[in-house]
Amino acid sequence: MEISNSRIAKILRDVAASYIIKNIGNIFQVRAYENAADSVEHSTTEVQDLWEEGRLEEIPALGEKIRSYLDELFKTGKVSHFAEIKKDIPEVVFELLDIPGIGPKLAQKIADLGIKSIEDLEIQIKTGSLVQKGFSAKLAQNIMEGLREVKNRGKRMLLPYAFVQAEKVVAYLKQSQDVIDVHPLGSLRRMVATVGDLDFSVSSNNNEKVVDYFCKMPGVSRVLDKGSYKATVALKSGIQLDLLVGEPNSYGALLQHFTGSKSHNIKLRELANQMGYSLSEYGVKRVEDGKIIQTKTEDEFYKLLGMRTPLPEIREDTGEIEAALRQAQGKLPGLPKLVESKNIKGDLHLHSNFPIKSPSHGPGGDTIEDIVKKARALNYEFVGIADHSPGFSTNSPQEIIKWVKERTNFIRELQKRTKSIRILNGLEIDILGNGSLSIPDEALVYLDYCIAGIHSGHRGTKEIITKRLLNALNNPYVDIVSHPTNRLLNERDSSDADWPQIFQAAAKNNKLLEINAFPNRLDLRDDLVRLALKSGVKLVVNTDAHQIEQMGNMLFGVAQARRGWATAKDIVNTWDWKNFAKWFNM
DNA sequence: GCCGTTTTCGGCCCGACTGTTTTCAGTCG
């Protein structure tokens with residue numbers, strides 16, 4: 001029985017909470033468990049898999065002690081030390097910890113009242129029973145709001161949706177004459193695939209006015225927190241917004257602080273301590289005299305620490321701080337020169353409404369001509385139409401070949417009339433359950449390129465998924481594997497597969513893996529992009545647009561490439577035509 | 001409990017907000 005990373009993290013957090021409740025050990029032992037929990041949660045491979053391979057030491061913040069506890073956990077399903085620590089603490093305490101505003105101490109206090117469940121707690125607040133038992137009305141109210149928040153806590157927003165919501169808030173804030181500058185920060189600025197809350201910084205000399213103005217924004221349903229420099233509000237839509245206001249002279253420190261990530265900031269502050277500095281959103285403080293050196297820009301902030309500014313997308317404490325230090329010292333390897341949207345010269349995964357008999361996954365909504373027109377408007381040098389093909393279940397091999405021929409002729413004719421852009425003839429075909437492709441090889445010879453993807457049986461075992469992908473990567477007609485993990489954000493987890501083996505095969509056979517920019521895919525994921533690059537795999541960023549409007553999603557795919565430390569040379573659709581055509585043997 | 005180009009001992013990120021604390025504990029980001 002596999003124990004998930006999030007389950008392991010919860011177990012470790014419960015131990016940390018138990019230490020606090022029972023007042024065992026010191027705060028640093030508690031933090032050690034919390035750090036271990038964070039580290040497990042951020043791990044991009046299953047910790048139990050690493051344990052089976054004897055590689056648990058690769059997870060930071062897991063020392064000798066906790067590793068031995070995990071050893072026991074994976075072998076027996078429980079840890080006697082943890083059971084001992086958690087003894088006499090009611091189970092409801094650990095459930096209550098999931099409610100915002102309730103920490104270990106308060107959870108224990110609630111359990112001490114004899115409350116056995118979250119439902120029970122809710123009833124006791126509503127009936128006034130909690131207040132009768134000695135809780136203040138304000139505290140009861142706070143808990144109630146926390147409970148409501150848990151219930152309303154929707155899924156995380158998809159990045160493009162978060163983008164649009166943030167633009168509205170920025171537009172509102174800019175209307176205030178007290179606002180000098182405003183930026184969306186946090187996970188949105190780091191371009192994480194999904195975003196929880198929306199964070200904003202404002203540069204202003206009139207902080208309290210800005211905070212007031214923010215709290216009065218149309219659509220705000222509740223003000224959750226309000227201070228002189230910050231506020232948190234909930235919108236009627238359920239989205240939570242955080243605002244932090246700073247003075248222009250220290251705005252660089254504010255940007256840095258609120259962009260995160262948390263682990264990046266912690267690593268940075270530890271480093272600063274060693275240099276005799278203390279960091280905060282107000283600037284860089286010299287510990288010896290307590291003087292704060294204000295930083296107007298992020299570059300000034302990072303420069304004081306002796307490093308180049310790492311781009312927001314890679315601020316995850318996965319080596320970027322060390323690289324930024326080396327870069328400033330003229331040592332290698334420095335920071336990567338990340339690929340940019342403007343480097344993109346074409347999109348190879350576009351679905352048209354070209355007539356098709358029983359398409360396997362539904363056609364796109366626009367004509368090939370309109371797609372080509374849109375591609376020209378985006379200043380692309382080439383555009384690849386990659387419709388789904390008819391399959392064997394409803395068509396004979398001869399019918400499929402005939403359809404591919406007709407479509408090929410149509411595209412060739414269109415190219416003759418179109419001089420300003422190269423139109424490539426592709427298809428997106430299925431990798432079937434046995435690893436074979438959904439159309440005959442005799443049809444594939446007509447194509448400029450072939451994208452293969454798994455569109456069924458995503459929940460197969462690791463062995464089966466790996467085998468299907470390897471089969472596709474070993475097929476001479478396949479050029480690209482689309483959306484390799486097949487995750488659907490908020491809906492379906494990534495398929496389980498032996499990624500190192502898959503990346504080795506892709507590199508060896510010169511196959512491309514796709515970074516699919518469709519909002520709920522963003523697949524290949526950022527962490528796997530980085531792993532793939534280390535194996536020498538080349539990538540292609542495609543939008544998988546089914547309507548021409550969706551061709552504008554390219555920047556979100558590029559963002560995932562950037563989060564995976566990709567440079568333009570790693571992404572073939574940034575290459576000039578000569579090199580691009582050479583890769584595809586066109 | 002973890003960790004190491006000043007350390008295998010002695011440190012461990014920083015600050016805001018809330019409540020009822022008259023100087024601080026708990027919680028959060």
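Remember, predicted model here, so these are calculated numbers, not experimental data. In the text below, chain A, chain B and the rest are named by the order of the sequence lines, each starting its count at 1.
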Checklist entry - NA contact type, A/Leu268, heavy-atom cut-off 4.0 Å: base, sugar-phosphate, or nothing? => result nothing
Checklist entry - If you check every side-chain atom of A/Lys230, which of B/dC17, B/dG1, B/dC13 has the closest atom? => result B/dC17
Item to check | Closest to side chain of A/Tyr33, choosing from B/dC12, B/dC14, B/dG1 | outcome: B/dG1
Checklist entry - Counting side-chain heavy atoms from C-beta on, which of B/dG1, B/dT27, B/dG19 comes nearest to A/Asn142? => result B/dG19
Next on the checklist: Does a side-chain N or O of A/Lys65 approach OP1 or OP2 of B/dG1 to a distance below 4.0 Å, or not?
Outcome noted: yes
Item to check | side chain to side chain contact (heavy atoms under 4.5 Å, CB included), paired with A/Val169, selected from A/Val233, A/Leu241, A/Ile239 | outcome: A/Leu241
Next on the checklist: If the cut-off is 4.0 Å, is A/Tyr282 near the phosphate of B/dA16, judged by side-chain N/O to OP1 or OP2?
Outcome noted: yes
Checklist entry - Which nucleotide in the list B/dC3, B/dG29, B/dC12 gets nearest to the side chain of A/His257? => result B/dG29
Checklist entry - Looking only at atom P, what distance separates B/dT5 and B/dA16, rounded to whole Å? => result 32 Å
Item to check | Euclidean distance for C1', B/dG4 against B/dT21 (whole angstrom) | outcome: 39 Å
Item to check | Nearest to side-chain heavy atoms of A/Glu281, which nucleotide of B/dT27, B/dG15, B/dG1 | outcome: B/dG15
Checklist entry - Are A/Phe200 and A/Phe258 an aromatic pair by the rule of ring centers under 6.0 Å? => result no
Checklist entry - Base, sugar-phosphate alone, or nothing: which one does A/Lys226 contact when heavy atoms must sit under 4.0 Å apart? => result sugar-phosphate
Next on the checklist: Does B/dG29 have its OP1 or OP2 closer than 4.0 Å to a side-chain nitrogen or oxygen of A/Lys262?
Outcome noted: no
Checklist entry - Does A/Tyr69 OH have over 12 foreign heavy atoms under 6.0 Å away? => result yes
Checklist outcome for this item: Of the candidates B/dC3, B/dG15, B/dC12, the side chain of A/Ala61 sits closest to B/dC3
Checklist entry - Could you state the CG-C1' distance from A/Leu254 to B/dG29, rounded to the nearest angstrom? => result 13 Å
Checklist outcome for this item: Between CG of A/Leu255 and P of B/dG29 the distance, given in whole Å, is 21 Å
Next on the checklist: Centroid separation under 6.0 Å, is that true for the rings of A/His257 and A/Tyr251?
Outcome noted: no
Next on the checklist: Please give the distance between the C1' atoms of B/dG11 and B/dT7 as a whole number of Å.
Outcome noted: 9 Å
Item to check | Atom-pair distance (CD1 on A/Ile27; P on B/dG11), nearest Å | outcome: 18 Å
Checklist entry - Whom does B/dG1 pair with, Watson-Crick or G-U wobble, provided both distances fall under 3.5 Å? => result B/dC12
Item to check | Parallel, tilted or perpendicular: rings of A/His81 and A/Tyr19 (30°, 60°) | outcome: perpendicular
Checklist entry - Do any side-chain nitrogens or oxygens of A/Ser278 fall under 4.0 Å of OP1 or OP2 in B/dC14? => result yes
Item to check | Distance in angstrom units between A/Ile266 CD1 and B/dG29 P, rounded | outcome: 14 Å
Checklist entry - Side-chain N or O of A/Arg31 less than 4.0 angstrom from OP1 or OP2 on B/dC13? => result yes
Checklist entry - Below 4.5 Å, heavy atoms only, C-beta onward: do A/Glu316 and A/His264 meet side chain to side chain? => result no
Next on the checklist: Closest approach to the side chain of A/Glu270, judged atom by atom: which nucleotide of B/dC12, B/dC3, B/dT27 is it?
Outcome noted: B/dC12
Next on the checklist: Can you tell me which nucleotide in B/dT27, B/dC28, B/dC14 comes closest to the side chain of A/Arg269?
Outcome noted: B/dC14
Next on the checklist: Rounding to an integer number of Å, can you tell me how far A/Asp225 CG sits from B/dG26 P?
Outcome noted: 19 Å
Item to check | Sugar-phosphate only, base, or nothing, as touched by A/Ile102 at under 4.0 Å among non-hydrogen atoms | outcome: sugar-phosphate
Item to check | N/O (side chain, A/Asn273) to phosphate O (OP1/OP2, B/dC14) under 4.0 Å | outcome: yes
Checklist entry - Taking the same atom, P, in B/dC3 and in B/dG15, what whole-Å distance lies between them? => result 25 Å
Checklist entry - What integer number of Å spans the P atoms of B/dT8 and B/dG19? => result 47 Å
Checklist entry - For B/dG29, does OP1 or OP2 lie under 4.0 Å from any side-chain N or O of A/Thr232? => result no
Checklist entry - Rounded to whole angstroms, how far apart are CG on A/Leu244 and P on B/dC17? => result 9 Å
Next on the checklist: If I take atom CZ in residue A/Phe135 and atom P in nucleotide B/dT20, what distance separates them, rounded to the nearest angstrom?
Outcome noted: 11 Å
Checklist entry - Under 3.5 Å, is there a donor-acceptor pair linking the side chains of A/Thr194 and A/Arg156? => result yes
Checklist entry - Taking the C1' atom of each, how far is B/dC24 from B/dT20, in whole Å? => result 11 Å
Next on the checklist: Taking B/dT23 as the reference, what is the distance to B/dT18 when you measure between their C1' atoms (whole Å, please)?
Outcome noted: 15 Å
Checklist entry - Tell me: CD1 of A/Ile110 to P of B/dG26, nearest whole Å? => result 14 Å
Checklist outcome for this item: Comparing A/Ile20 with A/Glu64, nearest DNA chain B nucleotide closer to 5' gives the residue A/Glu64
Checklist entry - Considering only side-chain heavy atoms of A/Asp242, which listed nucleotide, B/dG29, B/dG1, B/dC17, is closest? => result B/dG29
Next on the checklist: Can you confirm whether the side chains of A/Ser278 and A/Arg286 place a donor and an acceptor under 3.5 Å from each other?
Outcome noted: no
Item to check | Nearest to side-chain heavy atoms of A/Asn26, which nucleotide of B/dG19, B/dT18, B/dG1 | outcome: B/dG1
Checklist entry - Using the P atom in both, what is the distance from B/dC12 to B/dC17, to the nearest Å? => result 25 Å
Checklist entry - Considering heavy-atom distances to DNA chain B, does A/Lys285 or A/Lys105 have its closest nucleotide positioned more toward the 5' end? => result A/Lys285
